[in-house]
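Structure first, then comments.
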Number of protein chains: 2
Amino acid sequence: MKNNFNDKQIQILEVAECLFAEKGFDGTSIRNIAKMAKINIAMVSYYFGSKERLLESLIIYRTSDLKNQLDNLLQEDLEPIEKINKLIELYINRINSNRGIYRILHFEFTSKKREQSLQDFSELKKGNLKSLETIIEDGQRKGIFRKDIIIPLITPTILGTFFHFHMNKTFFENLLNLKTEELYNNYIKTNLTKHIQQTIKALLIYES
Amino acid sequence: MKNNFNDKQIQILEVAECLFAEKGFDGTSIRNIAKMAKINIAMVSYYFGSKERLLESLIIYRTSDLKNQLDNLLQEDLEPIEKINKLIELYINRINSNRGIYRILHFEFTSKKREQSLQDFSELKKGNLKSLETIIEDGQRKGIFRKDIIIPLITPTILGTFFHFHMNKTFFENLLNLKTEELYNNYIKTNLTKHIQQTIKALLIYES
DNA sequence: TCAAAAATTAAACAGTTGTTTAATTTAAAC
DNA sequence: GTTTAAATTAAACAACTGTTTAATTTTTGA
């Protein structure tokens with residue numbers, strides 16, 4: 001799982017990311033990629049071995065530094081609820097500016113084989129969950145967070161809310177009058193992020 | 001947007017649903033469908049016109065009665081929070097027992113063309129949102145629900161949480177030790193549904 | 001400068017794709 | 001029973017699929 005790609009490989013990876021995100025893995029042909037990246041179709045096999053391995057490389061290329069960012073956050077000196085808010089902001093920001101790859105991850109890694117990449121991806125998710133657990137258990141010890149919470153289900157709420165919003169992009173663009181890409185992005189950065197923070201905070205603190 | 005399909009068409013639709021859900025629209029060939037449905041490959045074009053129109057027919061076939069169920073719920077005599085809980089249960093139950101089509105909807109209707117079906121789907125979502133608004137505004141008038149809530153973002157939280165959980169099925173099966181399909185379904189019906197209800201309730205009621 | 005390695009190319013490979021055709025079988029109508 | 005319509009079939013269509021090959025160009029290292 002190394003990620004030292006050369007310039008040419010990176011050029012191909014970024015074109016592939018764009019196309020996979022837009023048309024899906026099966027919906028994108030090597031000829032599509034080659035044309036857009038202005039390379040010969042044989043270069044994909046030459047550099048990555050196969051279309052499947054190209055996808056694996058793309059996952060590695062895009063996800064290999066998320067863990068570090070989370071670790072840094074964990075060590076900041078903040079109240080638990082502030083850490084949660086920052087974690088949500090980090091997630092949304094990061095995913096929103098890497099929409100392509102995260103859409104691909106969720107589209108291509110559900111019921112398919114893709115053994116190796118799936119393994120890597122699973123490790124990444126486990127690490128993320130561990131970070132979240134650390135923060136929440138700290139808040140529970142301090143008596144701030146309630147204790148009848150299923151922690152592994154928090155991530156689905158955070159990420160799921162974002163993804164569902166984003167996967168229905170055109171629907172919400174119409175509904176909320178987000179006419180430009182900038183307005184849409186701004187809505188995510190402010191309103192949507194705030195909604196998720198508000199939701200998770202209420203869930204963690206509210207006593208029924 | 002009629003949905004009177006004959007037996008043969010329904011047979012094809014259900015096979016297509018199964019395969020589309022499993023391998024995606026682009027990942028499924030008409031020959032796959034024909035083989036599994038034990039029909040000649042020309043029959044798809046004969047009955048539906050094209051592969052694209054087959055997908056449209058499938059959407060119509062599977063979504064045309066959701067609206068009725070929601071309308072019935074709206075007219076029940078229940079407290080707002082109870083209605084929300086029932087709405088969540090209805091959503092999760094329905095989607096969970098029609099996983100195929102909903103997975104397809106979310107996989108195939110994001111950035112692609114598919115003009116007509118997208119229009120139909122958009123109308124369905126608008127109707128659903130209207131129902132949710134009715135319930136929440138009622139709760140707000142009665143002073144039970146807080147008023148600084150962005151209602152259109154509630155659906156992403158409800159459905160997104162479910163989808164994110166389900167799209168990471170194998171990950172959560174391992175993490176939560178859900179070894180059989182029955183255990184997995186049971187977890188959704190009880191714990192996941194409760195988590196979503198708890199989350200939305202906290203969001204609607206918690207005063208910061 | 002020149003040989004070895006790396007990069008790039010066009011062409012071909014064998015399969016698969018969605019769709020159409022024209023012929024044949026089955027069912028319905030009278 | 002005969003005619004008309006509907007259903008089903010195998011075959012062919014041209015276009016596209018991922019991958020490999022062998023030849024050629026470019027870059028590298030001494």
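Naming convention: chains lettered A, B, ... in sequence-line order (proteins, then strands); numbering from 1 in each chain.
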Open item on the list: Under 4.0 Å, heavy atoms only, any strand: does B/Tyr47 hit a base, just the sugar-phosphate, or nothing?
Closed with: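 The residue B/Tyr47 makes sugar-phosphate contact but no base contact.
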Between [N] atom [atom2] and [X] atom [atom1], what is the distance in whole Å?
X       : N      : atom1 : atom2 : value
B/Ile12 : D/dT8  : CD1   : C1'   : 11 Å
A/Asp7  : C/dA7  : CG    : P     : 12 Å
B/Lys38 : D/dT8  : NZ    : P     : 15 Å
B/Met43 : D/dA11 : CE    : C1'   : 16 Å

What pairs of donor and acceptor atoms, side-chain ones from residues 126-137 of chain B against any protein atom, are under 3.5 angstrom apart with sequence neighbours left out?
unit_1: B/Ser131; atom_1: OG; unit_2: B/Gly127; atom_2: O; d: 3.3
unit_1: B/Thr134; atom_1: OG1; unit_2: B/Lys130; atom_2: O; d: 2.8

- [ ] Evaluate the ring planes of A/His164 and B/Phe163, with Trp represented by its six-membered ring, and classify them as parallel (under 30°), tilted (30 to 60°) or perpendicular (over 60°).
- [x] parallel
TODO: Could you run through nucleotides 13-26 of chain D and give me one letter per nucleotide, 5' to 3': B if any protein heavy atom sits under 4.0 Å from the base, S if only the sugar-phosphate is that close, - if neither?
DONE: ----BBBB------
Open item on the list: According to ring-ring contact (aromatic ring centres under 6.0 Å, His included), who are the partners of B/His195, at least two apart in sequence or on a separate chain?
Closed with: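 Here no residue qualifies.
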Task: For B/Phe172, all residues meeting ring-ring contact (aromatic ring centres under 6.0 Å, His included), sequence neighbours excluded - done: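 With sequence neighbours excluded, B/Phe172 shows a ring-ring contact (aromatic ring centres under 6.0 Å, His included) to B/Phe165, given in chain and number order.
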Open item on the list: If the condition is side chain to side chain contact (heavy atoms under 4.5 Å, CB included), which residues does B/Glu89 pass it with, not counting sequence neighbours?
Closed with: B/Asn93, B/Thr193, B/Gln197
- [ ] Determine: side-chain N/O of A/Lys8 to OP1/OP2 of C/dT8, distance under 4.0 Å, yes or no.
- [x] yes
Task: salt bridge (Lys or Arg N to Asp or Glu O under 4.0 Å) involving B/Lys86 - partner list, sequence neighbours excluded - done: B/Glu76
